[in-house]
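Presented below is the structure to which this report refers.
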Amino acid sequence: MGNTKSGALSKEILDDLKLNTKYTEEELCAWYATFLKECPSGRITKEQFEGIYASFFPDADPTAYARHVFRSFDTNADGTLDFKEYIVALHLTSSGKTLRKLEWAFALYDVDGNGTISKNEVQEIVRSIFNMIPVEDQKNLPEDENTPEKRADKIWTFFKKKEDDKIGEGEFIQGVMENKDILRLIQFDEPKKIQEKLKEKKH
């Protein structure tokens, strides 16, 4: 039963995912069954991915962020994710190891894929993160980071960059690893919501 179309997850993919994520075989098989129900072709489109994110965040607008997350995981740029890419995406965005997570975060912020991050790209991602924070919660943010522009400025200042400078991957990863505050500013921390949703889908 190695054929994924049959509704069973191939042993090869299962072993790979068990190795690279912290999910159990039972969880992976249950999610695969749900995945096939929603995506009978075995692939998920950008629109479907955005729909999944929308169901996680009923009080906000995650469309732009979901689009960036999708882009950063669609490694072969064919406009779809297969089950493996999808699970790796969920795992990394919610509970990945720091280094891999930061490599992914760099890819997320490198909107045009040219290997460096500009201030405009930082603003674009930070703006998409703000769309996901309910307006009420935004009121409680610290004064110096309560708008996307202020937050982008704070990140840029931390990296000691001039307005039109660029940040390379190594510099980005090292800077974020050395400063927990910057890690907090660059990411939207949604693990609990995503994991609760996935658990609901299993039952």
Side-chain angles (χ1 to χ4, degrees), residues 17 20-21 23 27-28 30-97 100-114 117-118 120-138 141 145 147-149 151-152 155 172 176 183-202:
L17 287 171
N20 290 301
T21 70
Y23 304 133
E27 284 176 315
L28 289 165
W31 290 346
Y32 188 63
T34 308
F35 182 81
L36 277 188
K37 234 179 274 164
E38 291 180 17
C39 316
S41 68
R43 305 194 73 83
I44 190 166
T45 65
K46 190 169 73 177
E47 289 69 30
Q48 286 170 311
F49 191 77
E50 286 169 14
I52 288 168
Y53 258 78
S55 71
F56 292 150
F57 302 101
D59 310 326
D61 179 12
T63 316
Y65 186 73
R67 196 177 307 132
H68 287 300
V69 171
F70 187 91
R71 166 185 52 76
S72 67
F73 283 107
D74 181 15
T75 42
N76 60 358
D78 69 350
T80 62
L81 300 182
D82 61 21
F83 181 71
K84 189 173 155 186
E85 287 171 317
Y86 170 66
I87 288 295
V88 168
L90 285 184
H91 177 255
L92 254 194
T93 51
S94 62
S95 56
K97 291 196 176 75
R100 287 212 46 210
K101 195 169 186 172
L102 292 181
E103 287 170 350
W104 165 69
F106 182 84
L108 180 73
Y109 275 84
D110 181 12
V111 176
D112 64 6
N114 71 347
I117 296 173
S118 68
N120 279 348
E121 288 174 318
V122 169
Q123 280 181 340
E124 187 170 337
I125 301 299
V126 170
R127 202 170 293 121
S128 74
I129 288 173
F130 261 74
N131 290 345
M132 295 165 72
I133 305 173
V135 177
E136 281 307 305
D137 294 350
Q138 288 189 29
L141 292 169
E145 55 184 72
T147 69
E149 290 68 29
R151 189 175 279 207
I155 293 167
F172 177 82
V176 177
L183 180 62
R184 179 181 59 75
L185 289 176
I186 65 156
Q187 67 183 6
F188 180 77
D189 208 15
E190 75 270 63
K192 285 194 179 57
K193 279 195 172 182
I194 283 194
Q195 265 148 12
E196 279 161 20
K197 274 282 173 200
L198 288 169
K199 284 196 174 76
E200 280 168 28
K201 287 193 169 188
K202 275 169 32 183

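The basis for the numbers below is simple: all heavy atoms, side chains too, and nothing from hydrogens, waters or symmetry mates.
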Taking all atoms of both residues into account, what is the closest heavy-atom pair of [X] and [Y], and its distance?
| X | Y | value |
| --- | --- | --- |
| A152 | Q123 | CB-CG, 3.5 Å |
| E50 | T63 | OE1-CG2, 3.5 Å |
| T80 | E85 | O-OE1, 3.7 Å |
| T147 | F130 | C-CZ, 3.6 Å |
| F70 | G79 | CZ-O, 3.4 Å |
| L81 | F35 | O-CZ, 4.2 Å |

So, do [X] and [Y] sit near enough that their side-chain heavy atoms are less than 4.5 Å apart?
| X | Y | value |
| --- | --- | --- |
| D74 | K46 | no |
| L17 | V88 | yes |
| R71 | V111 | yes |

Does D78 pair with R43 as a salt bridge, N-O distance under 4.0 Å? yes
Nearest 0.5 Å, please: how far is [atom2] in [Y] from [atom1] in [X]?
| X | Y | atom1 | atom2 | value |
| --- | --- | --- | --- | --- |
| K84 | L28 | NZ | CG | 12.0 Å |
| T34 | F83 | OG1 | CZ | 8.5 Å |
| E27 | T21 | CD | OG1 | 8.5 Å |
| I87 | F73 | CD1 | CZ | 11.5 Å |
| E124 | S118 | CD | OG | 9.0 Å |
| E145 | I155 | CD | CD1 | 9.0 Å |

Test side chain to side chain contact (heavy atoms under 4.5 Å, CB included), reference I186, set L108, I129, L102, output is L102
F49 and Y53 aromatic ring geometry - parallel, tilted or perpendicular at 30°/60° bounds: tilted
Hits for side-chain contact (heavy atoms from CB on, under 4.5 Å) against S128, two or more places apart or cross-chain, chain-then-number order -> A64, Y65, H68, I125
Can the ring centres of Y86 and W31 be said to be less than 6.0 Å apart? no
Would you check if the side chain of D61 reaches a backbone N or O of N131 as a donor-acceptor pair within less than 3.5 Å? no
Using modelled atom types and a 3.5 Å cut-off, is there a donor and acceptor pairing between side-chain atoms of Q48 and backbone atoms of C39? no
Could you work out, with ring pair (Phe, Tyr, Trp, His ring centres under 6.0 Å) as the rule, every residue matching Y109, not counting sequence neighbours? none
